[in-house]
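For reference, the structure is listed below as structure tokens.
The basis for the numbers below is simple: all heavy atoms, side chains too, and nothing from hydrogens, waters or symmetry mates.
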Amino acid sequence: MTTLSIFDTQNPDTAGTVTSDAGEITQLLNNKGIRFERWQTQDLPADAPPEQILEAYSKEITKLKAESGFQTADVVSLNPDNPQKEAFRQKFLDEHTHSEDEVRFFVRGQGIFYLHLGDQVFAVQCQKNDLISVPEGTRHWFDMGPEPEFTCIRLFTNPEGWVAEFTGEDIAGRLPRFEALEGVAV
């Protein structure tokens, strides 16, 4: 279940707000300039190749490209049996920004986007059917958990793909990780 937990950076141990209501999540994120939507997923096998996934969502991808100037789309997928899963997890766990919007649509599985917005951190536990667009320059990080299992469509304006500017801040290490938030609901 998609869940939003909002933490105060001065008291990062406990969320002040936790909701699993899709309408409330959308409103709270939209109020902060974060695009969040729930899309219908296609009936695809768990091991569908990237080409099949991109074809299945070609209409939605074309719409997003037209709206926001994205140039490329690809598919990223990770499973618990990947021998480099810990290295992949560590790569995204530090706070960073991008010079373009970071857009992800969860075709399968889950992961948590942490958005550092002023004196709050919005932890969005995204699930299958969730589209999130983190605006350029937004401080954030992503936790896929110790046993990652997800497939996402990513869209980019930069043909180089994922390029991060790390902030050097330690905020990501002070908030509860995936393991603590997984399945948290009200």
Side-chain angles (χ1 to χ4, degrees), residues 1-9 11-48 53 56-57 59-61 63-64 75-82 85-86 88-93 95 101-118 120-135 138-155 171-186:
M1 173 181 314
T2 304
T3 304
L4 172 63
S5 303
I6 303 175
F7 296 87
D8 183 314
T9 58
N11 183 21
D13 296 330
T14 307
T17 300
V18 179
T19 182
S20 295
D21 179 274
E24 186 176 9
I25 292 169
T26 300
Q27 181 180 17
L28 287 166
L29 291 173
N30 288 177
N31 287 346
K32 294 292 187 175
I34 309 299
R35 181 178 184 167
F36 181 83
E37 300 172 3
R38 302 271 303 158
W39 287 2
Q40 286 293 93
T41 50
Q42 306 294 323
D43 189 19
L44 297 169
D47 61 350
I53 294 169
Y57 293 97
K59 184 177 176 181
E60 292 87 350
I61 292 168
K63 181 182 176 202
L64 283 174
V75 175
V76 62
S77 188
L78 204 60
N79 293 308
D81 61 354
N82 187 306
K85 65 185 177 187
E86 186 57 32
F88 283 124
R89 183 183 190 194
Q90 290 302 313
K91 177 179 179 179
F92 304 110
L93 276 179
E95 185 183 71
D101 293 357
E102 181 168 357
V103 179
R104 300 292 179 271
F105 172 65
F106 284 78
V107 174
R108 170 183 77 85
Q110 65 180 342
I112 301 176
F113 273 93
Y114 293 81
L115 312 167
H116 187 177
L117 307 169
Q120 295 178 312
V121 174
F122 286 58
V124 187
Q125 184 176 351
C126 294
Q127 304 278 331
K128 177 180 175 179
N129 297 55
D130 291 342
L131 170 87
I132 189 166
S133 179
V134 180
T138 301
R139 293 172 172 250
H140 69 282
W141 61 97
F142 179 72
D143 190 352
M144 61 186 73
E147 297 296 321
E149 189 162 355
F150 66 89
T151 299
C152 290
I153 295 174
R154 308 183 300 175
L155 289 106
I171 184 77
R174 293 187 279 131
L175 271 91
R177 295 264 165 112
F178 182 96
E179 302 86 328
L181 297 181
E182 180 182 24
V184 172
V186 281

* To do: Decide if atom CD of Gln27 counts as having more than 12 heavy atoms of other residues, nucleotides or ligands within a radius under 6.0 Å.
  => no
* Asked: In chain order, what residues pass the ring-ring contact (aromatic ring centres under 6.0 Å, His included) check against Tyr57, with sequence neighbours excluded?
  -> Phe105
* Do Val103 and Arg154 come close enough that some side-chain heavy atom pair is under 4.5 Å? -> no
* Applying side chain to side chain donor-acceptor pair (under 3.5 Å), name anything that partners Arg174, two or more places apart in sequence or on another chain. => Asp170
* Is there a side-chain contact between Leu115 and Leu29 (heavy atoms, below 4.5 Å)? -> yes
* Test log, rule side-chain contact (heavy atoms from CB on, under 4.5 Å), inputs Leu64 and Leu131 -> CA-CA 11 Å; Leu64 283 174; Leu131 170 87; 4.1 Å; yes
* List in chain and number order the residues that pass salt bridge (Lys or Arg N to Asp or Glu O under 4.0 Å) with Lys63, two or more places apart in sequence or in another chain; answer none if no residue qualifies. => Glu67
* Is there a side-chain contact between Phe36 and Val124 (heavy atoms, below 4.5 Å)? -> yes
* Structure fact -> Those residues at least two apart in sequence (or on a different chain) that pass side chain to side chain donor-acceptor pair (under 3.5 Å) with Glu60 are none
* Could I get the full list of salt bridge (Lys or Arg N to Asp or Glu O under 4.0 Å) partners for Arg89, not counting sequence neighbours? => Asp143, Glu179
* To do: Assess the side chains of Arg108 and Ser77: does a donor N or O sit below 3.5 Å from an acceptor N or O?
  => yes
* Considering residues at least two apart in sequence or located in another chain, which fulfil the side chain to side chain contact (heavy atoms under 4.5 Å, CB included) criterion with Thr17? -> Ile6
* To do: List for me each residue that meets salt bridge (Lys or Arg N to Asp or Glu O under 4.0 Å) alongside Glu147, sequence neighbours excluded, and say none if there are none.
  => Lys85
* To do: Using side chain to side chain contact (heavy atoms under 4.5 Å, CB included) as the criterion, list what pairs up with Ala172, not counting sequence neighbours.
  => Trp141
* To do: Sequence neighbours left out, what passes salt bridge (Lys or Arg N to Asp or Glu O under 4.0 Å) with Glu37? Give chain and number order.
  => Arg35
* To do: Please identify each residue that fulfils ring-ring contact (aromatic ring centres under 6.0 Å, His included) with Phe106, with sequence neighbours left out.
  => none
* To do: Could you pull out all residues at least two apart from Asp8 that satisfy side chain to side chain donor-acceptor pair (under 3.5 Å)?
  => none
* In this structure, which one of Asp130, Thr3, Ile25, Leu4 forms a side-chain contact (heavy atoms from CB on, under 4.5 Å) with Gln125? -> Thr3
* To the nearest 0.5 Å, what is the distance between OG1 (Thr41) and CD1 (Ile53)? -> 11.5 Å
* Structure fact -> Across all chains, not counting sequence neighbours, the side chain to side chain donor-acceptor pair (under 3.5 Å) partners of Ser133 are none
* To do: Output the distance between atom OG1 (Thr26) and atom CD1 (Ile132), rounded to the nearest 0.5 Å.
  => 10.0 Å
* Asked: Once you round to the nearest 0.5 Å, how far does CG of Leu181 lie from CG of Leu175?
  -> 8.0 Å
* Any chance you could measure Gln110, atom CD, to Cys152, atom SG, to the nearest 0.5 Å? => 11.0 Å
* Asked: Is any side-chain heavy atom of Leu93 closer than 4.5 Å to a side-chain heavy atom of Arg177?
  -> yes
* To do: Apply side-chain contact (heavy atoms from CB on, under 4.5 Å) to Arg139 and Ile171, showing your working.
  => CA-CA 10 Å; Arg139 293 172 172 250; Ile171 184 77; over 6 Å; no
* Rounded to the nearest 0.5 Å, how far apart are CZ of Phe92 and CZ of Phe113? -> 9.0 Å
* Separation of His140 NE2 from Glu102 CD (nearest 0.5 Å) -> 3.5 Å
* Quick check: does any side chain N or O of Asn79 sit under 3.5 Å from a backbone N or O of Glu149, one acting as donor and the other as acceptor? -> no
* Asked: Does Phe142 reach the side chain of Met144, with side-chain heavy atoms less than 4.5 Å apart?
  -> yes
* To do: Please test Phe122 against Ile34 for side-chain contact (heavy atoms from CB on, under 4.5 Å), starting from the C-alpha separation and ending with a verdict.
  => CA-CA 10 Å; Phe122 286 58; Ile34 309 299; over 6 Å; no
* Asked: Does some side-chain heavy atom of Phe7 sit less than 4.5 Å from a side-chain heavy atom of Pro176?
  -> yes
